[in-house]
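What follows is one structure encoded as structure tokens, with my remarks underneath.
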Amino acid sequence: MSAVNDTKFSSAVFLLTGIHGQEDVYLWIAIPFFLMYIISIVGNSVILFIIKTDPSLHEPMYIFLSMLAVTDLGLSIVTMPTTLGIFLFNSREISLNACFAQLFFIHSLTFIESAVLLLMAFDRFVAISNPLRYASILTLPRIAKMGLVCVLRGVAVVFPLPFLLKRFQYCQANVLFHSYCLHQEVMKMACSDIRVNSIYGLLVTISTVVMDSILILLSYVMILKTVLSIASHAECVRALSTCVSHLWAVLLFYIPMIGLSIVQRFGNSASPLVQIVLGYVYLLVPPLMNPIVYSVKSKHLRSRIIRTFKK
């Protein structure tokens, strides 16, 4: 591939990719994608509306759930224009600046969601191990500060990435595997030494997602230890049942994300279709499934939703 010569940075573009080889049925593929986005946006919006309008849900667990819903809404909104643009209108071009902005929001929201899942694990640990002090430990001001730290961390670690990418010169065939921009892919399009970006991206992933997942695992080890010390079998089951929704959210988020990261960094021989599928699962499935899982598993929340729609 030849480097771009005497081309202004802002005029260069990347070409996004839908599902290679299925261009003839893009309109049909757009239908399930459109439905997934609608369900994600409506589902998370309903969760936020119910929690905001019902004073009985102004508890730490539901406040953390509202944080998760806001993050999922953001991920859906950020990826929807380019994804549906490809499948509905075959609109593949995206400018470098727009691409950098999109990857900034995708990665920031991803790291924020990882931190929120960690806070939710801490919430379950406190609720089970120290229920009498639960309300005094997780006060509203403290929760607000914790949420602010999550946002600041997510933004701070991703903030350098667009500037690191902007200093590169890019090659003519800038074809990305996905229908949205990710840092790991964009940096490989550069006609320059990308070691700084690669090392920084790896360090950020380890210090955020990997560290969060380890701390979540430790939280559940401590939760399990506490639960096993409870004499009553019924109380053990009741305590563990409060963690089911969160465990589903953790698995839906971390498994595809870690899988995609491994394939992009080390799976050079992997099929492009694997990357494409993992990419869609990574960004579409958690925002779609989280409101469904929490609505089904939380009787309190489910009853409030049913009551609202019956009015």
Side-chain angles (χ1 to χ4, degrees), residues 13-51 65-95 98-110 112-113 175-182 185-186 245 248-249 251-253 255-257 259-260 263-264 271-296 301-302 305-306 308-309:
V13 296
F14 286 120
L15 293 177
L16 301 172
T17 302
I19 300 177
H20 185 66
Q22 303 299 318
E23 289 81 4
D24 293 340
V25 291
Y26 268 7
L27 189 59
W28 293 104
I29 296 175
I31 295 173
F33 274 91
F34 180 75
L35 291 175
M36 289 173 72
Y37 278 119
I38 292 299
I39 294 170
S40 299
I41 292 171
V42 172
N44 285 292
S45 297
V46 168
I47 294 287
L48 287 171
F49 175 77
I50 297 296
I51 293 174
L65 176 57
S66 66
M67 294 180 187
L68 185 67
V70 169
T71 309
D72 284 337
L73 262 177
L75 283 171
S76 296
I77 292 169
V78 167
T79 57
M80 181 170 59
T82 52
T83 301
L84 292 183
I86 288 176
F87 291 117
L88 288 174
F89 309 109
N90 198 28
S91 176
R92 297 183 59 194
E93 290 190 358
I94 183 171
S95 69
C99 185
F100 296 160
Q102 186 182 49
L103 70 85
F104 169 79
F105 285 110
I106 287 176
H107 290 297
S108 294
L109 290 167
T110 297
I112 291 170
E113 180 153 344
V175 181
L176 303 177
F177 275 117
H178 302 290
S179 56
Y180 45 80
C181 297
L182 295 175
E185 277 192 77
V186 173
S245 299
W248 272 111
L251 293 175
L252 287 170
F253 177 77
I255 290 177
M257 181 185 181
L260 179 63
V263 168
Q264 287 181 329
S271 168
L273 184 61
V274 174
Q275 288 195 41
I276 293 169
V277 172
L278 280 175
Y280 285 129
V281 172
Y282 153 56
L283 286 180
L284 292 181
V285 172
L288 173 71
M289 293 303 299
N290 284 339
I292 296 173
V293 169
Y294 274 94
S295 299
V296 170
L301 181 62
R302 185 172 69 249
I305 293 173
I306 293 172
T308 299
F309 281 99

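- Side-chain contact check for T83 versus M36: every heavy-atom pair is 4.5 Å or farther apart.
- No side-chain heavy atom of P256 sits less than 4.5 Å from a side-chain heavy atom of V285.
- Pairing each heavy atom of V175 with each of T17, the nearest pair is CG1-OG1, 3.6 Å.
- L252 contributes atom CG, which lies 8.0 Å from atom CD1 of I255 (distance to the nearest 0.5 angstrom).
- The two residues P286 and E113 come nearest to each other via the heavy atoms CB-OE2, 4.2 Å.
- Side chain of S179 to main chain of G18: no donor-acceptor pair is present (N/O by atom type, distance under 3.5 Å, no hydrogens or angles).
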### Query
Should N44 and L48 be marked as a side-chain contact (heavy atoms from CB on, under 4.5 Å) after you check the CA-CA gap, both sets of side-chain angles, and the distance that decides it?
CA-CA 6 Å; N44 285 292; L48 287 171; 5.5 Å; no
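- I292 contributes atom CD1, which lies 7.5 Å from atom OG of S40 (distance to the nearest 0.5 angstrom).
- Considering every non-hydrogen atom in both T79 and L75, the closest pair reads OG1-O, 2.9 Å.
- Counting all heavy atoms, side chain and backbone alike, S76 lies closest to P287 at OG-CB, 3.4 Å.
- Atom CG of L109 and atom CZ of F104 lie 9.0 Å apart (nearest 0.5 Å).
- Aromatic ring centres of F33 and Y280 lie closer together than 6.0 Å.
- Separation of atoms CZ (R92) and OG1 (T82) is listed at 12.5 Å; rounding is to 0.5 Å.
- The side-chain heavy atoms of C181 and L176, taken from C-beta on, include a pair separated by under 4.5 Å.
- For the atom pair I29 CD1 and I19 CD1, the distance stands at 4.0 Å (nearest 0.5 Å).
- In terms of modelled atom types and a separation under 3.5 Å, the side chain of Q102 and the main chain of Y180 share no donor-acceptor contact.
- The shortest distance between side-chain heavy atoms of I77 and F105 does not fall below 4.5 Å.
- Looking only at side-chain heavy atoms (C-beta outward), L27 and L88 come within less than 4.5 Å of each other.
- The shortest side-chain heavy-atom distance between F87 and I31 does not fall under the 4.5 Å cut-off.
- A 4.5 Å side-chain heavy-atom check between L283 and H178 finds every atom pair outside the cut-off.
- The CG atom of L251 sits 12.0 Å away from atom CE of M289, with the distance rounded to the nearest 0.5 Å.
- Closest heavy-atom contact between I86 and S91: CG1-O, 3.5 Å.
- Here the closest non-hydrogen pair linking V186 and C99 is CG2-SG, 3.8 Å.
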